[in-house]
Enquirer: 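One structure, pasted below without further comment.
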Amino acid sequence: MKAPPFRYARPQTLDAALRLLADEGAGARLIAGGQSLVPALNMRLLEPTLLIDINGLAELTGIAETASGIRVGALTRHAALGASAIVARRTPLLAAAVPFIAHEAIRNRGTFGGSLAQADPAAELPACAVALGARLEIAGPGGRRRVAAHDFFRGVYETALGRDEILVAAEIPAQPGATLFLELARRQGDYAIAGLAGWAALDRSRITDARLVFFGTDIRAVEARAASAALATSLDAAATALDRDLAPVADLNASAAMKRHLARVLLRRACAAAVTHAA
Amino acid sequence: MGRGRLPRATFGMSDAVAIRLTVNGARVERLVAPRLNLVDFLRDELGLTGTHWSCEHGACGACTVLIDGALARGCLVFAIQLDGANVETIEGLTESGALAEVQAAFHARNAVQCGFCSAGMLLAADALLRRNPEPSREQIRAALSGNYCRCTGYHAIVDAVADAARERARRKP
Amino acid sequence: MTAPLAAVDRPASYIGKSVPRPNAKRLLAGRGQYVDDLRLPRLAHVAFLRCPHAHARLKSLDIAAATRAPGVVRVVTAQDLAGRYTPWVGVLTHFKGLKSPPQHPLVHDRATWQGEPVAAVVAESRALAEDAVALIEIVWEELPPLTDMAAALAPGAVPLHAELGDNLCFGRAIDAGAVDEAFAKADCVVEESYSFARHTGVCLEPRSILADFDPADGRLTVHCSSQAPHMMKEIFARHFHLPETAVRVICGDVGGSFGIKIHVYPDDMATVAIALLLGRPVKFVADRLESFVSDIHAREHRIAARMALAKDGTIAALAIDDVTGVGPYSTYPRTSAVEGNQVVGLTGAWYRCRNYRANLRVAFQTKPPTTQYRAVGHPIATSVTEALVDRAAAALGLDPVELRRRNLIPDDAYPWTTASGLKFEKLSHQAALEKLLTLMDYDGLRREQAELRRRNIHRGIGIACFVELTNPGPAFYGVGGAPISAQDGCTLRLDPGGTVTCATGVTEQGQGTETMVAQIVASALGLAMDKIRVVTGDTERAPYGGGTWASRGCGIGGEAALQGALALKANILDLAGAMLQAEPAALDLAGGWVVDRAGNRRIGLDEVGRAAYFRGDTLPPGVQPELVATRHYMPRQYPFAFTNGAQASYLELDVETGFIQLLQHWVVEDCGRVVNPLLVEEQIRGGVVQGIGGALFEECIYDQRGQLLNGTLADYLVPMAGEMPDIVVAHIETPTAESMLGAKGAGEAGTGGAPAAVMNAVNDALAPFKVRVTAQPISPWRVLAALGKG
């Protein structure tokens with residue numbers, strides 16, 4: 001189980017990386033943390049001609065506090081995200097999610113941008129990005145553009161990122177409410193069978209506003225708008241409304257019906273916990 | 001298995017790239033093919049066979065090493081990416097004594113059977129104790145949850161890590 | 001505790017002491033020497049092209065491009081190997097009716113499972129070999145897969161092997177006592193069907209083999225990760241037409257085996273054939289993906305079971321019908337009949353019930369072969385028996401413990417022969433159960449459970465009594481014609497400096513064989529353990545023996561070591577007597593000295609050694625020192641030394657998610673004399689977790705086309721530290737009287753009993769909902785389905 005042969009480049013600037021990407025065409029692959037890419041290479045599921053290592057790109061690093069929230073460079077390691085005081089203060093949802101990502105050795109190398117670009121429907125960070133209303137900064141041959149996280153994730157391993165583009169950073173507004181984060185995985189560090197990432201604004205013990213994003217259920221992280229809206233009515237109403245938000249897909253661990261059921265359980269538990277905590 | 005078509009590029013020495021890095025404190029310079037992963041580099045180029053490969057897809061932890069002081073899966077890194085890096089393996093960490101208490105505790109508790117997972121377990125345990133010197137059993141189990149052991153049932157390993165934590169606390173001035 | 005062992009009962013004895021393993025320090029320092037760590041000159045690497053279909057005819061195979069690829073030494077197909085080996089057939093004469101076709105290293109014209117090796121590329125590196133494998137052009141004609149066991153056995157099913165007539169690999173029926181009558185008269189009958197998924201061993205070190213043939217002297221040396229070096233030597237010699245003197249098998253460090261590394265695999269045989277063909281060393285290490293489709297699989301049973309009881313809880317009769325699938329071939333040389341045979345032999349075996357009927361049907365399928373894996377058949381037999389007992393207890397309104405008390409074979413009733421014909425020398429079921437209840441505070445847990453249930457927290461307590469088959473005699477395999485040795489030997493030599501080198505036929509897989517042998521030898525010779533060097537795993541250095549399987553290392557290899565050490569001691573005392581002009585009977589060994597009856601030091605062992613080897617001139621005339629002794633041992637009185645025990649699982653079930661949290665696990669086991677509690681407890685704990693793996697997590701999931709859907713370590717769920725409970729172990733010691741040491745085995749008890757305890761605990765937690773789960777692994781999906789929430 002050895003990776004197929006490829007060439008390797010480690011550009012030092014974003015422009016150089018973009019040029020390499022453009023020149024190589026379909027055979028090029030970016031490698032950041034490599035924690036999802038390298039298994040695929042070792043299994044020869046991918047056979048790139050050129051591996052472009054973007055770990056040298058200073059423009060992609062760092063966590064900074066901004067007026068409206070935070071800016072997270074795409075190369076930020078999960079471990080750094082989890083350890084950041086800025087993240088813990090401004091977007092505690094991200095800090096809550098990090099310990100659930102795989103294991104320490106993976107979190108030390110895996111990157112924020114890599115996780116978003118990989119777009120695994122069961123991954124934690126894409127769901128958090130959607131829940132927090134992140135805007136993703138993308139560099140391409142024609143310059144920069146910004147895409148809302150909600151529009152970025154399109155399907156299983158599918159994103160709005162073009163073949164010739166690089167995800168640079170995420171601009172994330174400060175989290176407007178209490179953290180909601182729960183996931184059900186067979187074993188610690190496994191991808192979730194069903195997970196919930198979100199936040200809830202509370203007025204004493206009443207949820208006044210919330211955003212609920214489910215992962216591991218559908219083909220991508222899904223914002224449960226109907227359920228969020230129905231929270232104002234009751235938890236039962238929200239759980240019922242959730243059926244309209246989700247289109248679960250069966251996997252080896254759960255049927256679609258089971259995922260739907262688990263999503264309702266997570267919704268009830270997360271919201272109840274938030275209310276209890278507030279009270 | 002038959003895994004599809006032939007890749008366009010084939011490996012000849014002309015594709016090899018020179019890297020310089022530090023491994024277990026020693027400066028190392030080698031020509032490597034881009035696809036050579038770190039575990040094969042350590043084992044085949046440097047003879048450091050204490051780092052094992054087992055799953056080669058990042059799930060088992062048998063290939064755990066330290067890269068620039070941080071725990072990493074050796075099988076998920078290509079050697080070529082580590083130009084300038086500092087890599088430490090079970091061999092180096094044994095010689096430096098960095099793992100001594102953990103190794104002694106694993107031995108006393110028989111937290112090792114076949115030994116194939118041990119390097120990874122020891123490194124993961126040591127990383128835990130460096131950031132959390134007094135872990136609970138649950139925290140120990142969580143910290144080791146990315147390292148597969150088929151032999152021990154984990155209980156003795158948890159005992160050993162708890163013992164090592166106490167021993168380190170005792171030795172601290 | 002048992003009576004002391006006279007031969008080694010001395011103050012400095014290591015018997016019964018928790019001595020850490022001297023050889024583990026090397027492993028902890030990263031200095032293990034596993035097969036893949038060897039570096040040989042001119043070593044070439046082998047990678048296999050494997051059939052991607054469950055069942056397919058090979059239409060054409062074009063190796064031209066692969067042969068031309070960079071670094072390729074040779075591409076080998078079935079044609080290249082024709083005539084160079086004798087194919088193998090996985091049958092044994094004592095399993096009446098067992099049938100299986102001849103098996104070959106590489107597919108000739110038809111592949112019968114996804115993963116069967118078809119062609120081998122030999123290249124300068126594994127990566128280059130894999131590159132070339134991708135260049136082999138192959139055309140398959142897919143044939144209908146045969147995945148479902150029942151369908152394979154249904155009337156009119158197309159036989160997978162036409163020459164065998166049908167898909168029944170093996171069958172066995174037992175009908176003891178008056179089963180129909182007992183059911184007819186029963187006050188209570190419980191009935192349930194169970195299913196057990198196919199799972200696999202997932203040794204952390206994959207199967208690894210390095211074969212080196214030197215044409216100059218015609219010798220084949222095979223380094224392999226194996227449990228049974230002598231058996232492999234015999235097989236290589238036999239199937240590659242080599243004299244036994246020309247074959248050497250060396251097993252260095254082995255990274256876990258569990259029954260995976262004791263079978264003959266086509267890719268291993270191909271690797272040896274390639275070494276013979278090329279006359280240079282070649283290595284094959286299975287990668288993880290190919291391990292999932294080429295290592296043997298295990299279990300896969302569907303069992304319908306019934307139990308009849310009297311009002312007072314007496315089990316009146318038990319009947320089971322077991323269908324199990326073994327893939328396309330019965331595995332060589334142990335055969336794939338043993339798993340099912342043990343299920344029907346062991347079910348209910350620890351209860352007094354005399355009326356027992358069992359029907360076993362073993363089906364061919366187009367999935368990887370299944371065969372012996374840790375605790376062969378035991379988890380199935382125990383799960384079925386103990387689940388029925390719990391059901392019966394519920395039906396009769398009795399506590400499950402009470403029903404067991406009323407039916408276990410009494411501790412004073414031995415020797416005992418079970419309804420299925422197994423002979424038990426002496427077991428301790430009653431004592432084990434009572435000890436378990438105390439250990440876990442059964443009554444306290446029941447109170448806690450009741451209290452928590454009122455708060456809607458659902459915990460379950462599961463109990464399982466069980467037996468384990470250990471120390472098999474020659475009636476297990478040898479009688480049927482297999483080159484599998486039930487005896488084992490130990491050769492000991494006093495070296496000039498007063499230390500002892502000791503070679504044993506049993507092997508080290510990390511369970512602590514070398515330590516156990518050293519403890520016994522050191523104790524018998526009155527030496528410190530660091531004066532004993534134990535050698536294992538090399539057919540040219542170790543006495544002939546069976547190796548590691550069926551929990552026999554301590555009971556058989558340990559006994560050989562003890563008898564050998566006593567023989568060496570007699571030799572030493574003979575010589576010392578001559579040197580000291582004393583009666584040997586008046587001398588003993590202690591602390592590295594020859595001592596007199598009063599314990600006074602007379603002469604050091606180093607001096608004895610020096611005199612024997614270097615200063616023969618100082619010895620009395622006619623004295624010929626003989627400071628080597630060998631003894632072999634094989635059990636003859638009983639076909640097996642059965643052990644017993646009881647386990648309990650305490651867990652919490654989330655009835656909304658179906659998730660299970662294991663809170664604690666307890667084991668009381670009786671493996672006879674415990675030589676090293678630390679090692680026994682580690683065998684038990686590791687075994688328990690392997691059992692829990694099967695009970696809750698592990699399953700090779702196949703689709704209807706015979707394709708494995710979860711063949712990675714990300715998707716196949718092995719038990720990890722985070723989900724496993726702490727495991728409390730206690731011992732009862734009922735030594736076997738057949739040997740001096742009195743040790744029985746402990747390697748499989750954990751795996752045999754844990755799934756039953758866990759399944760019973762899950763069903764205990766589910767009891768308020770009046771639903772049960774009877775399919776393992778018990779996934780959240782299965783729990784929710786039972787609860788109607790899936």
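It should be emphasised that the depicted structure is a prediction, and the values quoted were computed from it without experimental measurement.
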Enquirer: Check Asp44(B) with Arg126(C), please: is the shortest side-chain N to carboxylate O separation under 4.0 Å?
Expert: no
Enquirer: Side chains of Phe116(B) and Cys203(C), heavy atoms from C-beta outward: is any pair under 4.5 Å?
Expert: no
Enquirer: Relative to chain B, which segment of Arg26(C) carries a heavy atom at a distance below 4.5 Å: side chain, backbone, both, or neither?
Expert: neither
Enquirer: Need one label for Thr49(B): side chain, backbone, both or neither, based on atoms under 4.5 Å from any heavy atom in chain C.
Expert: both
Enquirer: Need one label for Arg109(B): side chain, backbone, both or neither, based on atoms under 4.5 Å from any heavy atom in chain C.
Expert: backbone
Enquirer: Answer yes or no: are there more than 12 heavy-atom neighbours, outside Arg20(B) itself, under 6.0 Å from its atom CZ?
Expert: no
Enquirer: Kindly say whether Gly686(C) contributes a backbone atom to a donor-acceptor pair with the side chain of Tyr154(B) at under 3.5 angstrom?
Expert: no
Enquirer: Between chain C and each of Asn110(B), Thr89(B), Thr51(B), Thr94(B), count heavy-atom pairs under 4.5 Å; write down the option with the most.
Expert: Asn110(B)
Enquirer: Between Arg31(C) and chain B, which part of the residue has a heavy atom less than 4.5 Å away: side chain, backbone, both or neither?
Expert: side chain
Enquirer: Report which part of His57(B) has an atom under 4.5 Å of a heavy atom belonging to chain C: side chain, backbone, both, or neither.
Expert: side chain
Enquirer: Any Lys/Arg nitrogen of Arg685(C) or Asp159(B) sitting under 4.0 Å from an Asp/Glu carboxylate oxygen of the other?
Expert: no
Enquirer: Leu204(C) versus Cys60(B): any side-chain heavy-atom pair under 4.5 Å?
Expert: yes
Enquirer: Relative to chain C, which segment of Glu95(B) carries a heavy atom at a distance below 4.5 Å: side chain, backbone, both, or neither?
Expert: side chain
Enquirer: Only pairs of heavy atoms separated by less than 4.5 Å count here; which of Gly153(B), Ser145(B), Ser54(B), Ala59(B) has the most with chain C?
Expert: Ser54(B)
Enquirer: Go through the atoms of Thr712(C) and report whether side chain, backbone, both or neither lie under 4.5 Å from a heavy atom of chain B.
Expert: both
Enquirer: How far apart are the closest heavy atoms of Ile90(B) and Leu28(C), and which atoms are they?
Expert: CD1-O, 3.6 Å
Enquirer: Name the member of Asp40(B), Asn147(B), Leu99(B) that forms the most heavy-atom pairs with chain C at distances under 4.5 Å.
Expert: Asn147(B)
Enquirer: Identify the heavy atoms of Asp726(C) and Arg141(B) that sit nearest to each other, and give their distance.
Expert: OD1-NH2, 2.8 Å
Enquirer: Non-hydrogen atoms of chain C under 4.5 Å away: do they reach the side chain of Ala119(B), the backbone, both or neither?
Expert: neither
Enquirer: Might you point out which heavy atoms bring Gly256(C) and Cys114(B) nearest each other, and give the distance in Å?
Expert: N-CB, 3.3 Å
Enquirer: At a 4.5 Å cut-off on heavy atoms, which part of Leu144(B) comes close to chain C: side chain, backbone, both, or neither?
Expert: both
Enquirer: Can you name the closest pair of heavy atoms from Tyr148(B) and Val202(C) and give their distance?
Expert: OH-O, 2.7 Å
Enquirer: Using heavy-atom distances under 4.5 Å, tell me whether Gln509(C) contacts chain B through its side chain, its backbone, both, or neither.
Expert: backbone
Enquirer: Identify which of His52(B), Glu91(B), Glu56(B) forms the greatest number of heavy-atom pairs closer than 4.5 Å to chain C.
Expert: His52(B)
Enquirer: Less than 3.5 Å apart, any donor N or O on the side chain of Gln113(B) or Gln683(C) sitting next to an acceptor on the other?
Expert: yes
Enquirer: Examine whether an atom of Ile136(C) lies under 4.5 Å from a heavy atom of chain B, and if so say whether it belongs to the side chain, the backbone or both; otherwise answer neither.
Expert: neither
Enquirer: What closest approach, in Å, do Val112(B) and Ala24(C) show between heavy atoms, and which atom pair accounts for it?
Expert: CG1-CB, 3.7 Å
Enquirer: What residue, out of Pro725(C), Ala47(C), Gly693(C), Gly750(C), has the most heavy-atom pairs lying under 4.5 Å from chain B?
Expert: Pro725(C)
Enquirer: With only heavy atoms counted, which part of Pro719(C) is less than 4.5 Å from chain B, the side chain, the backbone, both or neither?
Expert: both
Enquirer: Could you check if a side-chain atom of Val158(B) sits within less than 4.5 angstrom of a side-chain atom of Met724(C), using non-hydrogen atoms only?
Expert: no
Enquirer: Is it true that atom CD of Gln33(C) has more than 12 heavy atoms of other residues, nucleotides or ligands lying nearer than 6.0 Å?
Expert: yes
Enquirer: Answer yes or no: does atom CZ of Arg168(B) have more than 12 heavy-atom neighbours from other residues, nucleotides or ligands under 6.0 Å?
Expert: yes
Enquirer: Give, as side chain, backbone, both or neither, the part of Gln103(B) having an atom under 4.5 angstrom from any heavy atom of chain C.
Expert: both
Enquirer: As a quick check of understanding, evaluate side-chain contact (heavy atoms from CB on, under 4.5 Å) for Trp53(B) and Asp36(C), giving each step before the final call.
Expert: CA-CA 9 Å; Trp53(B) 61 255; Asp36(C) 195 39; 3.7 Å; yes
Enquirer: Using only atom types and a distance under 3.5 Å, with no angle test, would you say the side chain of Arg150(B) pairs donor to acceptor with the backbone of Gly201(C)?
Expert: yes
Enquirer: Would you say the side chain of Asp37(C) lies within less than 4.5 Å of the side chain of Arg43(B), judging by non-hydrogen atoms?
Expert: yes
Enquirer: Output the option from Gly32(C), Ala127(C), Ser125(C) having the highest count of non-hydrogen pairs under 4.5 Å with chain B.
Expert: Ala127(C)
